[in-house]
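What follows is a set of notes on a single structure, which appears directly below.
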Amino acid sequence: MTAPTPALVELAVAHGVATEYWDWQGQHVIVSTEVVAAVLAALGVDASTPDRAAQALVDHRQARWRRTLPATLVIREGWTPWFAVHLPHGSTAEVWIELEDGGQRRDVAQQEHWVEPEWIDGMQVGEATYQVPGDLPLGYHRIHARVAGQTKIAVCSLIVTPERIEPNARQRRRSWGWVLQLYSVRSRRSWGIGDLHDLGDLAAWSAHDLGAGFVLINPLHAAETAGRMEPSPYLPASRRFGNPIYLRVEDIEEYGDLAPAERDQVRALGLQARALNEDATQLERDVAWAAKREALQLLFAVRPSVGRIAEYGAYRDREGQGLIDFATWAAIADVHGPEWSKWPEELSDPVGPEVVAFRREHAKLVDFHCWLQWQLDEQLGRVQARARSAGMALGVVHDLAVGVHPDGADAWALQRVLAAGMHVGAPPDAFNQQGQDWSQPPWRPDALAETGYAAWRDLVRAVLRHGGGLRIDHILGLFRLWWVTSPDRPTDGTYVRYDHEALLGILVLEATRADSGEGVVVIGEDLGTFEPWVRDYLTERGILGTSVLWFERDEHGQPLAPERWRELCLATVTTHDLPPTAGYLAGDHVQLRHDLGLLTRDLETEIAVDSAEREAWLKVLRDRKLLGPDDTDVERVVEALHRYVAQTPSRLLGVALADAVGERRTQNQPGTTDEYPNWRVPLGGPDGTAVLLEDLPNNARLRRLVGTLSI
């Protein structure tokens with residue numbers, strides 16, 4: 001592999017592609033020419049030879065002159081930036097702004113600012129400079145420009161965002177809440193999988209009896225509903241829409257209108273699925289979904305009331321073409337399988353005539369998948385209402401995955417804004433020393449801007465609709481993402497930069513508007529390799545960070561004193577990519593990674609390093625009198641670690657429900673798929689038996705752990 005030439009470096013930088021970076025061990029890494037060229041190709045830039053790279057650089061420099069207006073401007077409230085209007089040299093233009101609410105602004109002033117014209121495609125092009133008014137309201141507006149003597153109107157998206165998310169009094173209160181994987185938390189009424197009714201019950205009980213302020217759950221994004229369902233909630237078919245496996249069948253209004261024979265069928269299916277609840281070894285998603293889908297199809301066949309028809313119609317109107325596209329993908333998947341890359345070629349184009357014909361011929365099946373999303377929307381709203389009514393300050397905090405499955409609904413419907421052939425991942429770090437390939441296609445930053453960030457804002461608005469907060473997995477990906485160019489080597493990749501001001505500005509705008517205008521809390525998982533200024537920027541925009549105890553170290557590599565932790569963050573002892581605390585204290589994560597061949601150091605070295613780190617934490621606990629000098633009982637150590645976190649000033653304190661019941665098994669081992677039962681571990685106790693929702697109120701271990709929080 002060769003290092004990029006200076007010309008290729010200039011071209012890469014112009015497109016936000018890194019040609020060098022610093023790795024987790026502080027080593028300077030030069031990205032190979034082959035990797036840089038592959039990433040540029042995914043952005044539509046041909047840099048396969050030096051001559052083509054030189055021409056691509058010329059084309060890039062001229063591109064802005066070829067368009068009348070920029071693609072999108074994202075600004076903060078009160079800002080008055082200048083923007084360019086390109087037009088034939090010597091011409092004039094009429095420029096105005098169409099506001100989101102239908103109003104219009106004509107006071108877009110031209111500035112005295114001379115720019116030398118350029119010869120583009122045989123014509124001399126000039127640049128006029130205009131200024132955005134400083135008193136525009138928040139929202140999604142559009143700049144219009146018409147060159148004198150022409151009828152064509154150029155349009156540019158103008159998005160005005162708040163400076164920051166301003167929390168209200170309820171959101172500023174310090175509170176604690178559960179962190180859990182919903183599918184793993186079953187009740188005796190679950191259909192083999194924890195569902196939205198279970199979540200509502202857990203939230204209401206935790207708020208009223210324990211004083212919890214929130215419940216942070218795994219992403220509820222849509223998965224395949226045909227064939228094998230992808231277990232990982234972080235590799236969804238769609239991030240905008242949800243997974244109907246979380247529906248409680250009996251809570252659907254039409255259940256009461258079932259004919260006796262159909263109701264008996266649903267009850268029989270429920271009994272069959274509920275038999276799975278006592279299995280503490282592994283969740284059977286596909287078995288549970290098969291029973292649930294059959295029952296849901298029976299409910300879908302019930303003739304709804306006039307009011308319900310109207311409500312469903314309003315939901316479909318609100319979600320628009322995005323819902324139709326998602327439901328069409330799901331319907332085609334029912335017929336041809338969930339991997340759209342293996343469908344007949346004519347079905348690969350979402351707007352192609354064959355897809356339109358399929359949708360018409362299978363209208364009932366498409367409607368069924370739209371109806372499922374409506375039912376999810378209703379039950380999600382009900383859960384949040386129950387949580388808030390029971391006294392939760394925030395209620396449900398949802399989770400947003402980094403990306404989507406390469407063969408899923410979003411990858412099919414949003415092809416124009418995703419980079420084909422690339423995968424999102426992560427370079428090597430201390431816990432994943434061979435790097436990570438998450439297999440997800442990344443956003444194309446250029447295509448997002450060209451489309452006014454429509455896909456991003458639709459997504460953010462959807463996940464914020466029914467909750468009091470949102471956690472964003474790997475929020476650093478809104479600044480830069482690691483693009484993997486080889487399917488076999490996660491290390492073959494580089495960083496690609498995004499317009500973080502635009503992505504985070506839209507996030508701040510939608511978060512401010514959510515929850516009926518009261519706004520919601522946003523938490524960014526800002527762990528891993530990142531540039532130091534990133535955390536400062538997130539704080540400036542009112543976005544909370546994430547602090548995990550095992551990773552909090554001072555400048556000497558020692559455990560960070562609790563008083564030095566950040567206030568504006570969610571603090572936890574552990575995370576879903578590590579074992580619950582009991583397992584971590586036993587070094588389970590080291591042995592597991594060794595058994596799976598994921599270590600780059602020998603086992604003895606890894607054990608020694610891990611043991612030293614844990615001993616450092618135990619020493620701190622004893623020095624602070626949070627743990628007795630001779631106390632090695634695992635439950636006492638877990639409680640002491642939570643007391644330590646409770647002594648920090650962190651705004652939110654997350655407690656893993658798995659820690660509260662003594663679970664030891666990890667939910668996910670990064671770097672694996674089926675080598676370990678990732679995302680398939682049901683909630684269990686230290687004795688290996690299943691722990692169901694009804695068992696929690698009388699769980700003494702849980703109550704002792706909650707009693708350590710002192711919030």
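For this chain, numbers begin at 1 and follow the sequence in order. Note that the structure is predicted; figures quoted are calculated from it, not measured.
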**OP:** State whether a side-chain donor-acceptor pair under 3.5 Å links Asp279 with Thr281.
**Re:** yes

Subject >> Side chains of Phe214 and Trp178 in contact at under 4.5 Å (non-hydrogen atoms) >> reply: no

Subject >> Aromatic ring pairing Tyr584/His589, orientation class (parallel under 30°, perpendicular over 60°, tilted between) >> reply: parallel

Subject >> Shortest non-hydrogen contact from Ala223 toward Glu230 >> reply: CB-O, 4.3 Å

Original post:
Just checking, any donor-acceptor pair under 3.5 angstrom between side chains of Asn668 and His576?
Top reply: no

Subject >> Positive for salt bridge (charged side-chain N to carboxylate O under 4.0 Å, His left out) with Glu250, one of Arg267, Lys292, Arg274 >> reply: Arg274

Subject >> Residue pair Ser238 / Asp410, side-chain donor-acceptor N/O under 3.5 Å >> reply: yes

Original post:
Is the shortest distance from a Lys or Arg side-chain nitrogen in Asp588 or Arg593 to a carboxylate oxygen in the other one below 4.0 Å?
Top reply: no

Subject >> Heavy-atom side-chain proximity of Trp438 to Tyr234 below 4.5 angstrom >> reply: no

**OP:** Begin with the C-alpha distance, continue with both residues' side-chain angles, and end with the deciding distance and a verdict on side chain to side chain contact (heavy atoms under 4.5 Å, CB included) for Leu202 and Leu180.
**Re:** CA-CA 11 Å; Leu202 177 66; Leu180 56 93; 3.2 Å; yes

**OP:** Using a strict cut-off of less than 4.0 Å between a Lys/Arg side-chain nitrogen and an Asp/Glu carboxylate oxygen, indicate whether Arg228 and Glu284 qualify as a salt bridge.
**Re:** no

**OP:** Using a strict 4.0 Å threshold on nitrogen-to-oxygen distance, state whether Asp399 and Arg239 make a salt bridge.
**Re:** no

Subject >> Least distance between heavy atoms, Leu283 atom then Pro682 atom >> reply: CD2-CB, 3.7 Å

Subject >> Any Ile472 side-chain heavy atom under 4.5 Å of Ile523 side chain >> reply: no

**OP:** Taking the side chain as every heavy atom from C-beta outward, state whether Ile165 and Ile543 have any atom pair closer than 4.5 Å.
**Re:** yes

Original post:
Is a side-chain N or O of Arg614 found less than 3.5 angstrom from the main chain of Leu585, in a donor-acceptor match?
Top reply: yes

**OP:** Indicate the atoms forming the closest heavy-atom contact of Gly688 with Ala280, along with that distance.
**Re:** O-CB, 3.2 Å

Subject >> Whether Arg186 side chain and Leu276 backbone form a donor-acceptor pair below 3.5 Å >> reply: yes

Original post:
Asn218 side chain to Leu182 main-chain N or O, any donor-acceptor pair under 3.5 Å?
Top reply: yes

**OP:** Before accepting this row, confirm whether a basic side-chain N of the pair Glu555/Arg564 lies closer than 4.0 Å to the acidic partner's carboxylate O.
**Re:** yes

**OP:** Begin with the C-alpha distance, continue with both residues' side-chain angles, and end with the deciding distance and a verdict on salt bridge (charged side-chain N to carboxylate O under 4.0 Å, His left out) for Arg188 and Asp695.
**Re:** CA-CA 10 Å; Arg188 287 177 174 81; Asp695 303 327; 3.3 Å; yes

Original post:
Can Asp633 and Arg636 be counted as an ion pair, charged N to O under 4.0 angstrom?
Top reply: yes

Subject >> Residues forming a salt bridge (Lys or Arg N to Asp or Glu O under 4.0 Å) with Arg189, sequence neighbours excluded >> reply: none

Original post:
For residues Asp577 and Thr575, is any side-chain donor paired with an opposing acceptor at under 3.5 Å?
Top reply: no

Original post:
If we ignore angles and hydrogens, is there a donor and acceptor under 3.5 Å between the side chains of Asp377 and His466?
Top reply: yes

Original post:
Is the closest side-chain heavy-atom distance between Phe551 and Leu560 below 4.5 Å?
Top reply: no

**OP:** Please check if any side-chain donor atom of Thr672 sits under 3.5 Å from a side-chain acceptor atom of Asn678, or the reverse.
**Re:** yes

Original post:
If you measure only the distance, is there a donor-acceptor pair under 3.5 Å linking the side chains of Gln667 and Tyr676?
Top reply: no

Original post:
So, do Arg680 and Asp674 sit near enough that their side-chain heavy atoms are less than 4.5 Å apart?
Top reply: yes

**OP:** Kindly indicate, with the supporting measurements, whether the criterion salt bridge (charged side-chain N to carboxylate O under 4.0 Å, His left out) is fulfilled by Asp201 and Arg248.
**Re:** CA-CA 12 Å; Asp201 283 345; Arg248 173 65 64 87; 5.6 Å; no

Original post:
Going by distance alone, is a donor N or O of one side chain under 3.5 Å from an acceptor N or O of the other, for Glu675 and Thr673?
Top reply: yes

Original post:
With a 4.5 Å limit on heavy-atom distance, are the side chains of Asp198 and Val185 in contact?
Top reply: no

**OP:** Verify the distance criterion only: is there a donor paired with an acceptor across the side chains of Ser232 and Trp679 at less than 3.5 Å?
**Re:** yes

Original post:
Which heavy-atom pair separates Ala387 from Ala207 by the least distance, and what is that distance?
Top reply: O-CB, 4.5 Å

Subject >> Side-chain donor or acceptor of Ser439 paired with backbone N/O of His423 under 3.5 Å >> reply: no

Subject >> Ile252 side chain reached by Gln379 side chain, heavy atoms, under 4.5 Å >> reply: yes

**OP:** For Trp289 and Glu294, test the side chains for any donor-to-acceptor distance below 3.5 angstrom and give the result as yes or no.
**Re:** no

**OP:** Verify, without hydrogens or angle tests, whether Asp437 (side chain) and Val484 (backbone) share a donor-acceptor contact under 3.5 angstrom.
**Re:** no

Original post:
Quick check: does any side chain N or O of Gln384 sit under 3.5 Å from a backbone N or O of Val396, one acting as donor and the other as acceptor?
Top reply: yes

